[in-house]
Amino acid sequence: MSDIEETVESVQVNEDKEFDVEVEEHIEDEFAVDPTRYIFYRDRKEWADLEPVPQDDGPNPVVKIAYSEKFSDVYDYFRALLKNDEKTERAFALTADAIDLNAANYTVWHYRRVLLQALSKDLKEEMKYITNIIEEQPKNYQVWHHRRMVVEWLNDPSEELQFIADILSQDAKNYHAWQHRQWVIQEYKLWDNELEFVENLLEEDVRNNSAWNQRHFVISHTTGFSDPAVVEREIQMLQDRGLSSQPGLLERVLELKETHCSPYLLAFLFDCYEDALENIAQKEKVEEEEQKETLRKALEICQLLAQEKDTIRKEYWEFLGRSLRNKYGNGTLSDEPMAENPEPSISASQSQEAS
Amino acid sequence: MAEEENEFEEFEQIDFLRDRHVRFFQRTLQVLPERYASLETTRLTIVFFALSGLDVLDALEVIDRNVMIEYIYSLQVLPTEDQSNLSRCGFRGSSHIGIPYSTKGPGVLHPYDSGHVAMTYTGLCSLLILGDDLSRVNKQACLAGLRALQLEDGSFYAVPEGSENDIRFIYCAASICYMLDNWSGMDIQKAIEYIRGSLSYDSGFGQGAGRESHGGWTYCAIASLCLMGRLEEALSQRELDRIRRWCIMRQQSGFHGRPNKPVDTCYSFWVGATLELLDVFQYTNFEKNRSFILSTQDRLVGGFAKWPDSHPDPLHAYLGLCGLSLIGEPNLKKVHPGLNITQRAFQHLQQLQQTWRDNTDTCGRQH
């Protein structure tokens with residue numbers, strides 16, 4: 001969902017790193033100078049010219065995060081580079097350390113992009129780098145934005161569809177991945193194979209709402225829905241999943257109702273009846289019998305939903321039934337399926353208040 | 001016998017543990033361990049979750065208001081002497097850039113210091129919750145910083161350096177303009193176009209045009225339009241009815257954010273508040289919603305998680321409380337569904353705005 005929620009989810013990932021630092025400090029005692037041991041920036045000769053800048057939360061910090069020495073050290077030097085707007089290789093290398101510790105810090109990513117351009121870095125290498133990071137942290141906003149910037153600079157989307165497909169194979173509903181995919185397809189006109197890609201995903205999970213959305217996205221930007229051949233093809237696709245065929249939308253849906261009586265189908269039927277009622281009402285000569293019959297059928301659906309098929313939304317379906325009756329009914333209706341049910345004297349919210 | 005035991009268990013599990021939640025938010029406001037590093041740049045939003053959470057619990061007396069207020073003002077990006085950074089003003093998420101602590105101007109010139117739209121939004125909310133009069137907010141600078149973030153298509157960046165742009169930041173911008181009672185911070189018409197463009201074929205809102213409809217973005221869309229006072233201008237009755245339908249179909253027990261995804265505590269607020277803004281929240285099932293939210297309550301450390309038997313976090317702790325407040329849970333303060341602060345804090349804002357208007361009338365000057 002939000003930036004916040006997803007950064008909080010990624011919190012679990014960093015637990016391992018705390019452990020690594022402790023292990024390294026322990027090894028230091030036991031061995032002589034080990035070329036692979038971690039050295040703080042403050043102890044590196046090539047950084048001696050730079051004065052580290054600590055974080056300053058003032059006398060009474062709020063929501064303070066307790067950083068380890070290693071973490072503070074890296075970021076104290078990051079802040080120093082930032083202050084001087086230093087554009088060097090060592091700055092570029094440090095951004096990788098900073099990202100490793102907190103890939104959600106958008107300032108680090110921005111600074112890295114500034115350096116990528118100032119130092120004319122190899123953007124293909126950067127693509128490899130960002131690919132690895134996204135694989136590790138696929139729900140982070142900053143990493144996807146960074147990838148988009150690099151793709152734009154390279155003007156090369158050739159890896160994108162495959163890469164996103166890979167991420168989606170791990171989580172077929174990753175919102176960031178789908179968003180990036182839509183951007184790439186629209187920007188670089190890569191529509192050709194997308195319908196097939198969507199169909200494969202629907203094969204795996206027909207309930208994948210992201211895939212259905214993508215289907216709509218592709219069709220609306222390519223053939224559109226007004227071509228009858230397109231509509232037929234879509235219906236055919238649904239038929240292939242075991243649904244029968246009948247001419248006319250309403251008849252088709254009514255037939256489906258017999259075997260696939262889901263709340264969604266019934267709600268759709270209700271909407272059809274509501275639309276029909278509006279059409280009847282707008283005619284010059286209102287057909288009273290037709291109106292009565294259509295209203296009766298609509299109210300029947302409301303009752304079925306409220307009492308049996310979608311009881312969690314009972315109040316809502318009854319509300320819709322009342323609204324429809326107020327709008328299209330007249331006082332002389334005697335064969336209404338629902339009992340006389342005037343507006344309740346207390347509001348629904350009062351009657352439902354949690355105990 | 002067995003049935004009685006079950007009922008007793010059920011009662012235990014749906015017991016709302018107020019004191020645990022108060023302590024959860026108190027601890028959040030103090031120190032978090034390093035594994036929360038990814039929250040560094042968004043710390044002010046965490047401050048907001050904790051403060052507003054305590055407000056909803058009617059427990060603000062446990063914190064030192066003045067300490068909080070000073071800290072928040074230290075995060076304001078103020079204009080420099082020569083006012084060359086106006087388009088970068090607003091509030092920071094934290095001190096991570098390394099600007100020395102200061103609650104007064106003028107601003108310090110720094111090549112990378114700028115506000116973040118979600119921090120300006122939560123910073124202002126937090127000050128209001130604490131009863132501050134916003135007199136130390138440089139409103140014109142905030143609005144200038146806001147204007148600099150809006151794109152041609154009506155959406156907003158989060159920061160002037162550039163970032164992703166989408167409907168979340170339109171909501172932040174609308175909230176800022178609403179609180180400051182000044183809509184010069186944004187082009188409303190363009191924002192409405194972007195919002196309309198984000199309306200999906202299934203009548204939910206995506207993060208932008210073509211994207212999958214989602215409970216969080218639907219909240220941002222509807223709440224923004226409500227704050228702008230343009231809901232019925234931007235959307236037809238038919239569209240609104242369809243949006244109500246999309247939202248109300250999100251209830252499974254609690255609410256989920258997208259069709260065929262698992263329910264998650266935070267959507268009890270995102271979707272619930274949207275339904276409230278659309279006048280149909282009363283038709284949802286309160287009991288099932290409540291049961292689900294409370295099933296995600298952490299009985300040991302307090303707070304709420306997205307799912308049962310998961311770790312609680314400040315966002316879900318706060319939004320879980322807001323979800324309960326919407327259904328009228330006793331002893332929780334009412335929440336303004338559009339601005340996402342208590343009605344009490346909202347009334348404080350209204351009084352402030354009346355004072356500003358009175359001052360402008362009598363002196364003819366801008367506040």
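Given the structure is predicted, the values throughout are model-derived calculations rather than measurements. Order of the sequence lines fixes the chain letters, A, B, ..., with proteins taken first and strands second; residue numbering starts at 1 for each chain.
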Colleague: Could you pull out the closest heavy-atom pair between A:Gln182 and B:Ala209, with the gap in Å?
Modeller: OE1-O, 4.0 Å

Colleague: At a heavy-atom separation under 4.5 Å, does A:Asp76 approach chain B through its side chain, its backbone, both, or neither?
Modeller: neither

Colleague: With a 4.5 Å heavy-atom cut-off (strictly below), which parts of residues 254-263 of chain B touch chain A? List them by number.
Modeller: B:Arg258, B:Pro259, B:Asn260, B:Lys261

Colleague: Would you say the side-chain atoms of A:Asn213 pair up with the backbone N or O of B:Gly210, donor to acceptor, closer than 3.5 Å?
Modeller: yes

Colleague: Look at atom CH2 of A:Trp191 and say whether more than 12 heavy atoms of other residues, nucleotides or ligands are closer to it than 6.0 Å.
Modeller: yes

Colleague: Can you tell me how far the CD1 atom of A:Ile312 sits from the OG1 atom of B:Thr284, to the nearest 0.5 Å?
Modeller: 9.0 Å

Colleague: Below 4.5 Å from any heavy atom of chain B, which atoms of A:Ala267 appear? Answer side chain, backbone, both or neither.
Modeller: both

Colleague: Drop me the distance from B:Leu39's CG to A:Asn105's CG, to the nearest 0.5 angstrom.
Modeller: 12.0 Å

Colleague: Indicate yes or no: at least one non-hydrogen side-chain atom of B:His116 is less than 4.5 angstrom from one of A:Tyr106.
Modeller: yes

Colleague: I'd like to know if the side chain of B:Arg43 and the backbone of A:Val63 have a donor-acceptor N/O pair within less than 3.5 Å.
Modeller: yes

Colleague: Report yes if some heavy atom in the side chain of A:Thr107 is under 4.5 Å from a heavy atom in the side chain of B:Ile97; otherwise report no.
Modeller: yes

Colleague: Most heavy-atom pairs under 4.5 angstrom with chain A, which of B:Val159, B:Asp202, B:Ile248?
Modeller: B:Ile248

Colleague: So which part of B:His96 gets closer than 4.5 Å to some heavy atom of chain A, the side chain, the backbone, both or neither?
Modeller: both

Colleague: Pairing donors with acceptors under 3.5 angstrom, does anything connect the side chains of B:Arg211 and A:Tyr175?
Modeller: no

Colleague: Mark yes or no: B:Arg245 above the aromatic ring of A:Tyr316, with NZ or CZ under 6.0 Å from the six-membered ring centre and no more than 45 degrees from the axis.
Modeller: no

Colleague: Using a 4.5 angstrom heavy-atom cutoff, name the option from A:Met149, A:Arg313, A:Arg113, A:Gln186 with the most pairs to chain B.
Modeller: A:Arg313

Colleague: Is it the side chain or the backbone of A:Phe270 that comes within 4.5 Å of chain B heavy atoms, both, or neither?
Modeller: side chain

Colleague: Please tell me whether B:Glu40 and A:Tyr67 have a donor and an acceptor in their side chains that are separated by less than 3.5 angstrom.
Modeller: yes

Colleague: Is B:Ser200 in contact with chain A via its backbone, its side chain, both, or neither, using a 4.5 Å heavy-atom distance?
Modeller: side chain

Colleague: Mind checking whether B:Asn285 and A:Lys314 have side chains closer than 4.5 Å, heavy atoms only?
Modeller: no

Colleague: Where on B:Val47 is there a heavy atom nearer than 4.5 Å to chain A: the side chain, the backbone, both, or neither?
Modeller: both

Colleague: Contact part of B:Ile99 toward chain A, heavy-atom cut-off under 4.5 Å: side chain, backbone, both or neither?
Modeller: backbone

Colleague: Where do A:Pro263 and B:Met249 come nearest, in terms of heavy atoms and distance?
Modeller: CB-CE, 4.4 Å

Colleague: Name all residues meeting the ring pair (Phe, Tyr, Trp, His ring centres under 6.0 Å) criterion together with A:Trp109; count only those two or more places apart in sequence or in a different chain, and write none if there are none.
Modeller: A:His146

Colleague: Counting only heavy atoms not in A:Asp275, do more than 12 sit closer than 6.0 Å to its CG atom?
Modeller: yes

Colleague: When only heavy atoms count and the cut-off is under 4.5 Å, which of residues 50-59 of chain A reach chain B?
Modeller: A:Val53, A:Pro54, A:Gln55, A:Asp56, A:Asp57, A:Gly58, A:Pro59

Colleague: Of all residues at least two apart in sequence or in a different chain, which pass the side chain to side chain contact (heavy atoms under 4.5 Å, CB included) check with A:Val114?
Modeller: A:Lys87, A:His110, B:Tyr112

Colleague: Would you give the length of the straight line joining atom CZ of B:Phe281 to atom CD of A:Glu315, rounded to the nearest 0.5 angstrom?
Modeller: 12.5 Å

Colleague: With the threshold set at 4.0 Å, does a side-chain nitrogen-carboxylate oxygen contact exist between A:Asp271 and B:Arg238?
Modeller: no

Colleague: Could you tell me if the side chain of B:Tyr71 sits less than 4.5 Å from the side chain of A:Asn60, heavy atoms only?
Modeller: no

Colleague: If we only count heavy atoms from C-beta on, is the A:Gln179 to B:Gln207 side-chain gap below 4.5 Å?
Modeller: yes

Colleague: Check each atom of B:Thr103 against the heavy atoms of chain A and say whether the ones under 4.5 Å are side chain, backbone, both or neither.
Modeller: neither

Colleague: Contact between A:Phe225 and B:Tyr201 at the side-chain level, heavy atoms closer than 4.5 Å - yes or no?
Modeller: no

Colleague: What pair of heavy atoms forms the shortest contact from B:Ala37 to A:Leu101, and how long is it?
Modeller: CB-O, 4.2 Å

Colleague: Considering only heavy atoms from C-beta outward, does the side chain of A:Val62 approach that of B:Gln30 to under 4.5 Å?
Modeller: no

Colleague: Where is the tightest heavy-atom contact between A:Ala104 and B:Ser38, given as atom of each residue plus distance?
Modeller: CB-O, 3.7 Å

Colleague: So, A:His145 and B:Ser163: side-chain donor and acceptor under 3.5 Å apart, yes or no?
Modeller: no

